[in-house]
Amino acid sequence: GKNLTIKQKERMTNLYISNERLINLVNDLLNVAHIEAGKKTPVKQPTKLDDLIGVSIKLLEPEAERRKQTITLKTSATIHEAALDPKIIGEAINNFLSNAVAYAPESSTIRIAINKVDKNYQVAFNNPGLMISAPERDKIFTKFYRAPEAQKIRPEGSGLGLFIAKSAVESHGGKVWFESSAKAGTTFYFTVPM
């Protein structure tokens with residue numbers, strides 16, 4: 001509205017942000033319910049992974065720019081279409097990338113790479129910041145789990161994003177894992193069959 005005061009605009013913005021968080025939480029809970037009920041089966045169609053990643057980058061670019069972060073995408077070879085459900089795999093990509101943006105330090109570079117490994121595409125999301133400590137590693141993909149370090153950086157998370165991402169990738173016959181060190185930060189990987 002044109003006639004809102006600065007204070008009213010701030011309140012409206014805060015309401016909008018709170019509403020978006022609730023919508024995201026409800027969507028995450030619905031996704032988990034569908035996964036657990038076995039109702040989230042992929043509807044596969046010819047899809048290019050680099051296109052899906054490009055869409056995700058565009059969605060998260062405003063937040064990355066606000067944090068003065070750069071997102072890069074590197075492909076080792078030509079990426080051909082694979083039989084994927086673009087909605088389900090797109091959601092996994094969004095979850096991996098939104099975590100990288102949220103937990104990477106300001107003014108850092110988040111690196112995404114697509115490689116061909118055997119008969120799979122392997123995607124890597126490198127966050128140069130937060131290292132996942134040894135006691136937390138076995139819990140990272142479990143439902144509702146959030147590491148204490150992650151809660152300090154971003155208190156409002158649901159702990160469902162990585163669980164949903166893992167389920168999405170596994171529903172396509174792929175695998176999910178990560179590597180984490182103080183020097184390199186954390187890199188999440190997933191594979192899907194070509």
Side-chain angles (χ1 to χ4, degrees), residues 24 47-82 84-134 136-141 145-147 149-154 156-157 159-170 172-194:
N24 290 334
T47 305
K48 289 187 71 186
L49 265 175
D50 52 345
D51 289 346
L52 289 179
I53 292 169
V55 169
S56 189
I57 290 171
K58 285 278 185 229
L59 283 171
L60 290 160
E61 237 167 25
E63 178 63 15
E65 286 173 3
R66 189 184 70 73
R67 296 174 50 82
K68 299 177 181 78
Q69 296 167 332
T70 304
I71 302 172
T72 64
L73 172 60
K74 180 182 169 190
T75 58
S76 63
T78 304
I79 306 302
H80 298 285
E81 291 179 333
L84 304 171
D85 184 319
K87 187 171 187 245
I88 292 174
I89 291 297
E91 194 173 345
I93 291 167
N94 279 338
N95 286 338
F96 286 122
L97 187 54
S98 66
N99 276 358
V101 169
Y103 300 121
E106 288 198 6
S107 304
S108 63
T109 300
I110 295 157
R111 291 177 174 81
I112 307 169
I114 307 174
N115 296 298
K116 292 180 179 178
V117 179
D118 298 324
K119 294 181 181 182
N120 296 298
Y121 286 118
Q122 178 181 291
V123 183
F125 298 86
N126 174 257
N127 159 8
L130 187 64
M131 182 183 96
I132 300 169
S133 64
E136 314 304 324
R137 293 180 185 213
D138 290 341
K139 305 171 195 168
I140 240 27
F141 291 108
Y145 182 75
R146 297 192 65 230
E149 297 87 4
Q151 291 179 41
K152 289 177 193 169
I153 294 170
R154 189 172 154 204
E156 72 276 354
L160 295 171
L162 291 175
F163 173 80
I164 291 168
K166 182 176 187 273
S167 299
V169 169
E170 288 177 348
H172 284 74
K175 295 180 181 174
V176 175
W177 71 98
F178 68 93
E179 296 170 356
S180 193
S181 69
K183 187 176 180 181
T186 300
T187 304
F188 280 90
Y189 297 89
F190 77 83
T191 61
V192 287
M194 287 184 203

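Keep in mind the model is a prediction, meaning the values are calculated, not measured.
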Output the distance between atom [atom1] ([X]) and atom [atom2] ([Y]), rounded to the nearest 0.5 Å.
X      : Y      : atom1 : atom2 : answer
Ile57  : Leu52  : CD1   : CG    : 11.0 Å
Phe125 : Asn95  : CZ    : CG    : 10.0 Å
Glu61  : Leu97  : CD    : CG    : 10.0 Å
Asp118 : Thr191 : CG    : OG1   : 10.0 Å
Ile71  : Glu65  : CD1   : CD    : 8.5 Å
Ile93  : Ile53  : CD1   : CD1   : 4.5 Å

Should the pair Glu170-Lys166 be classified as a salt bridge under the 4.0 Å nitrogen-to-oxygen rule?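 Answer for the salt bridge query: yes.
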Please give me the minimum heavy-atom distance between [X] and [Y], naming the atom from each residue.
X      : Y      : answer
Gln69  : Ala104 : NE2-O, 3.1 Å
Ser180 : Thr186 : OG-OG1, 2.7 Å
Ile89  : Val169 : CD1-CA, 4.3 Å
Ala92  : Ala168 : CB-CB, 4.0 Å
Val101 : Arg67  : O-NE, 3.0 Å
Ala124 : Thr187 : CB-CG2, 3.8 Å

Side-chain heavy-atom pair [X], [Y] within 4.5 angstrom cut-off:
X      : Y      : result
Ile110 : Thr70  : no
Asn127 : Phe188 : no
Met194 : Asn120 : no
Thr47  : Glu81  : no
Tyr121 : Ile79  : yes
His80  : Lys116 : yes

Option from Glu179, Lys175, Gln122 for which side chain to side chain donor-acceptor pair (under 3.5 Å) with Tyr189 holds: Glu179
Looking just at side-chain N and O atoms, do Asn115 and Ser76 make a donor-acceptor pair shorter than 3.5 Å?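 Yes.
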Regarding Ser56 and Asn94, is there a side-chain donor-to-acceptor distance under 3.5 Å anywhere? yes
Check the angle between the aromatic planes of Phe96 and Phe190 and answer parallel, tilted or perpendicular using the 30° and 60° thresholds. parallel
Side-chain donor or acceptor of His172 paired with backbone N/O of Asp85 under 3.5 Å: yes
